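Some notes on the structure that comes next.
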Amino acid sequence: MGDIGGYLFQAAALAVGSVLVVQPLIVTTLLFALPISAILTRARVGRITWVLAAVLAAALAVFLVVGDPTDGLPDAPGADWLWPLVAMAIVTACSVVIGFIPALRGSLRALAFGVATGVLFAVTTVLTKPVLTSFEHAGLGDNLLRLLTDWRLYVLAACGIGAMYLQQRAFQLGPISASLPAITVGEPVGAAVLGGVVLDESVVLTGVRGVLVIASVVAMIATSVVLARRSPAPSAPGQENGVPNCAPPACNPDV
């Protein structure tokens with residue numbers, strides 16, 4: 001329900017603003033998810049983890065604020081979507097394959113599912129904007145007909161459902177700190193790429209501001225990787241790093 005409610009508010013924001021303006025708000029999920037995870041798992045979130053989360057949020061904010069995002073097109077022809085969506089599909093498929101390799105560490109599999117989740121949420125976010133624009137220029141009947149015959153609606157729905165499923169898989173395989181940073185970074189960065197390539201939105205990449213934007217991207221990647229390798233300290237019996245300490249197949253979500 002939280003994901004659905006959050007998406008509805010996000011869609012309302014996208015109806016009046018550009019992708020690159022709305023997406024900075026996504027980083028606030030870290031500020032809520034880390035303490036909630038600590039409470040639910042009775043695990044302590046260390047000071048370094050908090051510092052890394054703050055750096056991640058600040059870096060993303062710099063990327064979107066200093067980069068001075070500009071409004072682009074509200075929609076684009078279907079041909080303009082093809083290759084960017086194919087590229088997103090390849091990244092998602094590779095991440096999912098890695099996530100389903102049982103020989104890998106749980107935190108690494110969770111990170112892979114987190115990357116796939118972020119990419120799918122990014123596609124969902126960007127497709128939401130042109131789908132919403134179909135309600136701006138005609139009557140209710142024409143709008144509904146246009147909506148139900150629009151391929152983007154069905155791609156949006158498939159990506160949204162897939163993202164929620166993969167997100168739960170990621171949370172099952174490891175502590176929330178292993179996958180949430182990838183989701184939090186993957187969605188706005190992926191949406192920014194799609195917004196720039198397809199909807200012609202842009203950020204400043206020249207001069208001192210361009211250096212700051214590039215540095216923020218490097219910081220986001222670095223902090224997300226480090227956070228994915230850190231997990232809350234154990235504090236409850238039968239848990240290790242905030243994850244139930246039991247032997248397969250009891251802890252294997254594939255069973």
Side-chain angles (χ1 to χ4, degrees), residues 3-4 6-26 60 63-64 67-99 112-138 142-167 182-205 213 217 220-221:
D3 284 336
I4 296 174
Y7 173 71
L8 292 177
F9 281 109
Q10 187 179 36
L14 287 169
V16 296
S18 67
V19 173
L20 293 182
V21 171
V22 173
Q23 288 306 103
L25 299 177
I26 299 300
L60 186 55
F63 172 74
L64 297 173
D68 190 21
T70 58
D71 289 337
L73 304 171
D75 199 356
D80 292 347
W81 291 96
L82 178 60
W83 291 113
L85 290 180
V86 168
M88 292 291 183
I90 292 173
V91 173
T92 301
C94 291
S95 299
V96 169
V97 168
I98 293 173
F113 280 130
V115 170
T117 300
V119 172
L120 290 182
F121 273 137
V123 175
T124 302
T125 297
V126 178
L127 286 176
T128 297
K129 190 170 184 64
V131 167
L132 289 175
T133 60
S134 65
F135 285 89
E136 296 179 355
H137 309 294
D142 291 337
N143 282 332
L144 289 176
L145 179 61
R146 182 182 297 128
L147 179 65
L148 294 176
T149 56
D150 190 342
W151 63 268
R152 291 168 299 190
L153 173 66
Y154 301 99
V155 175
L156 184 156
C159 288
I161 294 171
M164 288 188 286
Y165 168 74
L166 292 176
Q167 180 176 256
I183 298 172
T184 306
V185 171
E187 179 179 353
V189 172
V193 171
L194 277 179
V197 173
V198 181
L199 299 180
D200 203 27
E201 297 183 357
S202 64
V203 295
V204 175
L205 290 175
V213 169
V217 172
M220 284 188 289
I221 295 173

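Just so it is clear, the model here is predicted, and its values are computed rather than measured. All heavy atoms count here, side chains included; hydrogens, waters and symmetry mates do not.
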Look up atom [atom1] in [X] and atom [atom2] in [Y], then write down how far apart they are to the nearest 0.5 Å.
| X | Y | atom1 | atom2 | answer |
| --- | --- | --- | --- | --- |
| Leu127 | Trp151 | CG | CH2 | 6.0 Å |
| Leu85 | Ile90 | CG | CD1 | 11.5 Å |
| Thr117 | Leu166 | OG1 | CG | 4.5 Å |

Identify the heavy atoms of [X] and [Y] that sit nearest to each other, and give their distance.
| X | Y | answer |
| --- | --- | --- |
| Ala116 | Val96 | CB-CG2, 3.9 Å |
| Gly162 | Leu120 | C-CD1, 3.8 Å |
| Gly67 | Val213 | CA-CG2, 3.6 Å |

Next on the checklist: Under a 3.5 Å distance rule, please check whether Tyr154 uses its side chain to pair with a backbone N or O of Leu148 as donor and acceptor.
Outcome noted: yes

Checklist entry - Got a sec, which pairs hit salt bridge (charged side-chain N to carboxylate O under 4.0 Å, His left out) with one end in residues 67-76, sequence neighbours left out? => result Asp68-Arg209, Asp75-Arg152

Next on the checklist: According to side-chain hydrogen bond (donor to acceptor under 3.5 Å, both in side chains), does anything in residues 77-93 pair up with another residue at least two apart or in another chain? List the pairs.
Outcome noted: none

Checklist entry - Do the non-hydrogen side-chain atoms of Gln167 and Phe113 ever get within less than 4.5 Å of each other? => result no

Checklist entry - Under a 4.5 Å cut-off applied to non-hydrogen side-chain atoms, are Lys129 and Leu132 in contact? => result no

Checklist entry - Would you say the side-chain atoms of Tyr7 and Thr124 include a donor-acceptor pair closer than 3.5 Å? => result no

Only distances under 3.5 Å count here; give the side-chain donor-acceptor pairs of residues 185-204 to other protein atoms, sequence neighbours excluded, each with its distance to 0.1 Å.
{"residue": "Glu187", "atom": "OE2", "partner": "Gln10", "partner atom": "NE2", "Å": "3.1"}
{"residue": "Glu187", "atom": "OE2", "partner": "Thr125", "partner atom": "OG1", "Å": "3.0"}
{"residue": "Glu201", "atom": "OE1", "partner": "Leu20", "partner atom": "N", "Å": "3.4"}
{"residue": "Glu201", "atom": "OE2", "partner": "Val19", "partner atom": "N", "Å": "3.3"}
{"residue": "Ser202", "atom": "OG", "partner": "Thr70", "partner atom": "OG1", "Å": "2.7"}

Item to check | Test side-chain contact (heavy atoms from CB on, under 4.5 Å) applied to Met220 and Val217, step by step | outcome: CA-CA 5 Å; Met220 284 188 289; Val217 172; 4.1 Å; yes

